[in-house]
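Below is one structure, written out as structure tokens; comments come after it.
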Amino acid sequence: MNFGGYRNRVAWVDLSTGQTEYKPIDEEDARKYIGGRGLGAKYVFDNGPEVEPLSPDNILCLMTGPLTGTDVNLSGRIAACTKSPLTGTIVDSHQGGWSGARLKWAGLDGIVFKGKSEKPILALVEGGELTLHDASDLWGKGVHDTVLALQEKYGEKDMSVMTIGQAGENLVTFACIMNEHDRASGRGGTGAVMGSKNLKAVVVKGVHADRPSPFDKEGFKEAHARGLEQLMDEAVVTSPKKGGVSVYGTNVLMNIVNAIGAMPTRNAQSTFFEPHEKISAETVNETILVGNPTCHACPVACKKEVEIKQGPHTGLHMESVEYESAWSFGAMCDMDDLAALAALIDRCNDYGLDTIEAGNALSITMEATERGLLDGEGLAWGDSDAMLELLRKITFRDGIGDDIADAPARAAEKWGAPEISMSVKGMSIAAYDPRGIKGMGVAYATSNRGACHLRGYTPAAEVIGNVLGPTDVTDPLEVEGKGKLAVIFQNVHAATDCLDVCKFATFSESMDAFAEQYATITGNPMDADGLLKVGERVFNLERYYNNLIGFREGSDYLPERFLKEPSDGPGSKGHVCELDQMLDEYYAERGWENGVVPESKLKELEII
């Protein structure tokens, strides 16, 4: 394959034997699935849907896209793709920072791990080669100590570490892969799959000077300039140093979402969090903000570095108080202590736990305690010290933590109250209540990896008003048209996840801009419709994989609470989520039969 942007080199590593084989990317696969999430999904699909997630036969793919590590805006992403131990579905989970870019600069498009090492091991990537090294001395360490130890050993300059903490080692089903202390492939338990293989870390050494050159250098300069102009538009939320996401970070949404009655609170028993301002981005900026770090090729700089200077968490320096994390430990757990919030997030980062799933786990435990379902190991609403202790128990599978480590949804079922798990397909919701943002309801229900906001981020249209550039806000309480809206966002995000660029790029840059940059980087002709067709193909491939496992009719649902218990928050008071109506519209738009991809659609998309 002679496309630009790629290294045309993927390392296939058998950890059982210690052997590594380097394979080129099939050109037909590159045309149909591009890279990142798309190629990762294709490799996972080809490995077979019946594989057990934590068995040596499951594969873990760390995949870049053809735009990763180039000069394209927000192109520092890398996708972790596997079969999820949390949900049993296919899963892809992306992280920012520099690891994706450096992997490309180090000469690889991706790594596919299979098998299981007899002892803890790490992979070192440098100069297009991958070597395996003993990591027994790192096993048992948290993420922060692991990163520091590897920086001391291999040098901090031009180096990235992707690693698991103790949660991944102990096979917690919502363990993450972390890099650079605070960036995560957060959702779906990719860290548990890594731990099941005794793979502690992947160290990548690569320099910017070794980035791939565009196929059409002059054409790319023009295409990139047009994309950058769209990103810099002061009307978009990502506008550097002017837009809300750049100035305040993702947590700019705290006050906004709360105001429209779409903030899941006290395990979604309410849709409004009264003390929201105490944990808002505005309060973060006024009280604890100390820096604005960023990722490769990103002028947005949404990360907000903070330091706690008083109280029991004095001296804590971390990055950062993200919206989803602030909500999960804040509103969802009825906790409004900003310093404690930072400590909870940092503890998850060090253990290698998904903060969204962890916050949901704590809130489920709180409601179970409130209902009198737990004997002796309960958790009171808002008790931050006890919350920190329960995170430890989950990570080390101690007592009640062992139940939760197997999945919050399974724990709720074991406790006799499956209805208190705000999850779909075993994955818990994010920080948007579908009673106040209706499109999020159908997006949660139909996401191929569970109740995820990032598979089809309808709040971009329903709350923010930045969809591939400045747009009018769609009424979040309107039901009609939301099935179609979810399909559009799912296809857009699947396509850009293949490239692999940050979701925030889609708030400003058009699909024409992405297609033009892809075409000039790779030399493969592409327009916006073609790119959206790739997104549709990838989403349908994932759904087909899930169908083959057994996720078929009736697998797209929401927790009953959202369907039957009216919202109490201002802006959405009295509303429930009318999922059935949106699902009918969604399935008609997809051409599916009650959640199942028909053979005709698979042939149309050239999947079979």
side-chain hydrogen bond (donor to acceptor under 3.5 Å, both in side chains), that's the test. Do N292 and K304 meet it? Break it down for me.
CA-CA 5 Å; N292 295 279; K304 302 301 162 191; 2.7 Å; yes
Do E180 and S99 pass the side-chain hydrogen bond (donor to acceptor under 3.5 Å, both in side chains) test, and can you show the C-alpha distance, the side-chain angles, and the key distance before you say yes or no?
CA-CA 8 Å; E180 292 150 20; S99 57; 5.2 Å; no
Which distance, rounded to the nearest 0.5 Å, do you find between the CZ of R31 and the CG of D26?
10.5 Å
Does E52 have more than 12 heavy atoms from other residues, nucleotides or ligands lying within 6.0 Å of its CD?
no
Minimal heavy-atom distance between A460 and F507, with the atoms involved, is CB-CE1, 3.9 Å
Under a 4.5 Å cut-off applied to non-hydrogen side-chain atoms, are L231 and V236 in contact?
no
In Å and rounded to the nearest 0.5 Å, what is the CG to CG distance from D529 to D512?
8.5 Å
Take D497 and R455, measure what side chain to side chain contact (heavy atoms under 4.5 Å, CB included) needs, and give me the verdict at the end.
CA-CA 10 Å; D497 283 348; R455 291 296 143 277; 4.0 Å; yes
Compare every heavy atom of Q95 with every heavy atom of S185, then report the nearest pair and how far apart it is.
OG-NE2, 2.9 Å
Sort out for me which residue in N349, T250, T355 forms a side-chain hydrogen bond (donor to acceptor under 3.5 Å, both in side chains) with S325.
T355
Go through the steps to decide whether F504 and V237 satisfy the test side chain to side chain contact (heavy atoms under 4.5 Å, CB included), and finish with yes or no.
CA-CA 9 Å; F504 289 149; V237 71; over 6 Å; no
Closest approach of V300 and P240, non-hydrogen atoms and distance?
N-CG, 4.5 Å
Exam field: side chain K425 to backbone S555, donor-acceptor pair closer than 3.5 Å:
yes
Judged by atom type as modelled, is there a donor-acceptor pair below 3.5 Å linking the side chain of S117 to the main-chain atoms of P120?
no
Give me the one residue out of T446, N547, N540 that meets side-chain hydrogen bond (donor to acceptor under 3.5 Å, both in side chains) with W592.
N540
Using a 6.0 Å cut-off, check whether atom NZ of K484 has over 12 heavy atoms from anything other than its own residue.
no
For M526 versus A519, what's the shortest heavy-atom pair and its separation?
N-CB, 4.0 Å
Do T506 side-chain atoms and K503 backbone N/O form a donor-acceptor pair below 3.5 Å?
yes
Heavy-atom check, side chain of I25 versus side chain of F3, under 4.5 Å
no
Can you tell me if S196 uses its side chain to pair, donor with acceptor, with the backbone of S55 under 3.5 Å?
no
Sidechain N-carboxylate O distance under 4.0 Å for R211, D71
yes
Sidechain-backbone polar pair: N448 side chain, F539 backbone, donor-acceptor under 3.5 Å
yes
Would you mind reporting whether L60 and I177 have side-chain heavy atoms less than 4.5 Å apart?
yes
In plain terms, say whether E129 and R9 are close enough for a salt bridge, that is, a side-chain N and a carboxylate O under 4.0 Å apart.
yes
Quick test of your reading of the model: are K42 and D46 salt-bridged, counting only N-O distances below 4.0 Å?
yes
Quiz question: by atom type and distance under 3.5 Å, do the side chains of N47 and K83 form a donor-acceptor pair?
no
Which atom names give the shortest non-hydrogen contact between T70 and S75, and what distance separates them?
O-OG, 3.2 Å
Just so I know, are the side chains of P66 and Y518 near enough to count as touching, which here means a heavy-atom distance under 4.5 Å?
yes
Keeping the roles fixed (side chain from K197, backbone from G115), state whether a donor-acceptor pair exists under 3.5 Å.
yes
Examine distances only and state if a side-chain atom of N179 and a backbone atom of V161 form a donor-acceptor pair shorter than 3.5 Å.
no
Go through the steps for L15 and N198 under the test side chain to side chain contact (heavy atoms under 4.5 Å, CB included), then give the verdict.
CA-CA 9 Å; L15 292 171; N198 277 333; over 6 Å; no
Do the side chain of D500 and the main chain of R37 share a donor and acceptor less than 3.5 angstrom apart?
no
Salt bridge D527-K533, side-chain N to carboxylate O under 4.0 Å
no
Side-chain (N466) to main-chain (S508) donor-acceptor, under 3.5 angstrom:
no
Determine, step by step, whether L499 and L531 satisfy the side chain to side chain contact (heavy atoms under 4.5 Å, CB included) criterion, reporting the C-alpha distance in whole Å, the side-chain angles of both residues, the deciding distance to 0.1 Å, and the verdict.
CA-CA 10 Å; L499 292 176; L531 201 53; 4.2 Å; yes
Taking C-beta and beyond as the side chain, do N524 and F215 meet within less than 4.5 Å on heavy atoms?
no
At their closest point, which heavy atom of D354 faces which heavy atom of I356, and how far apart are they?
OD1-N, 3.0 Å
Please report the interatomic distance CG(D109) to OG1(T64), rounded to the nearest 0.5 Å.
5.0 Å
Sorted by first residue and then second, give each ring-ring contact (aromatic ring centres under 6.0 Å, His included) pair with at least one member in residues 38-60; sequence neighbours left out.
W12-Y43, F45-Y544
Taking side chain as C-beta onward, heavy atoms only, is K303 less than 4.5 Å from S320?
yes
Rounded to the nearest 0.5 Å, what separates atom CD in E357 from atom CG in L86?
5.0 Å
Exceeds 12 heavy-atom contacts within 6.0 angstrom, atom CD of E156
no
Are any side-chain N or O atoms of E234 and backbone N or O atoms of K242, one a donor and one an acceptor, separated by less than 3.5 Å?
no
Parallel, tilted or perpendicular: rings of W105 and H208 (30°, 60°)
perpendicular
How long is the span from the CG atom in D216 to the CD atom in E516, to the nearest 0.5 Å?
10.0 Å
Carboxylate-amine/guanidinium proximity below 4.0 Å for E604 and K601:
yes
If I take atom NZ from residue K141 and atom OG1 from residue T146, how far apart are they, to the nearest 0.5 angstrom?
7.0 Å
Between E606 and K32, does at least one N-O distance fall below 4.0 Å, as a salt bridge requires?
no
Close side-chain approach of E305 and D182, heavy atoms under 4.5 Å
no
Is the shortest side-chain N to carboxylate O distance from R449 to E542 below 4.0 Å?
no
Option passing side-chain contact (heavy atoms from CB on, under 4.5 Å) with S160 (candidates Q151, K205, R102, H296):
R102
Do I608 and K603 make a side-chain contact, defined as non-hydrogen atoms from C-beta onward lying under 4.5 Å apart?
yes
Under a 4.0 Å threshold between the charged nitrogen and the carboxylate oxygen, would E509 count as salt-bridged to R226?
no
